[in-house]
Amino acid sequence: MVHPYLLLPRNRTWYLVGHCELRGAVRTFKVDRIREAELLPDRFQVSADFSLEEVAGPAWGLMWGAAGEPEEV
């Protein structure tokens with residue numbers, strides 16, 4: 001069972017980040033590799049110590065921090 005926190009796009013595919021009960025930790029799953037899903041009526045809260053920057057970081061190719069002035073390209 002996975003408690004989904006968010007979906008992240010990367011290289012023409014999507015990844016689900018959430019708390020995996022089997023592993024007892026936040027894990028990342030490639031959405032197109034998920035064979036089966038079932039929506040359950042249970043609710044959950046995203047952990048207060050969850051950090052998108054810690055999970056995604058520079059490995060995702062995302063830019064963090066304040067945006068600068070627009071550049072014409």
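Residue numbers start at 1 and run along the sequence shown.
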Within one Ile-Leu-Val-Met-Phe-Trp-Tyr cluster: V26 and L8, side-chain cutoff 4.5 Å: yes
Does the gap between the ring centers of Y5 and F50 come in under 6.0 Å? yes
Can you spot which of D32, T28, L6 makes a side chain to side chain contact (heavy atoms under 4.5 Å, CB included) with Y15? T28
Kindly write out the residues that satisfy side-chain contact (heavy atoms from CB on, under 4.5 Å) with R33, not counting sequence neighbours, or none if the list is empty. K30
Could you tell me if the side chain of H19 sits less than 4.5 Å from the side chain of R27, heavy atoms only? no
Taken in chain and number order and not counting sequence neighbours, the residues that satisfy side-chain contact (heavy atoms from CB on, under 4.5 Å) with L7 are W14, L16, V31
Contacts table for residues 38-48: side-chain donor-acceptor under 3.5 angstrom, sequence neighbours left out:
| residue | atom | partner | partner atom | Å |
| --- | --- | --- | --- | --- |
| S47 | OG | D49 | N | 3.4 |
| S47 | OG | D49 | OD1 | 2.2 |

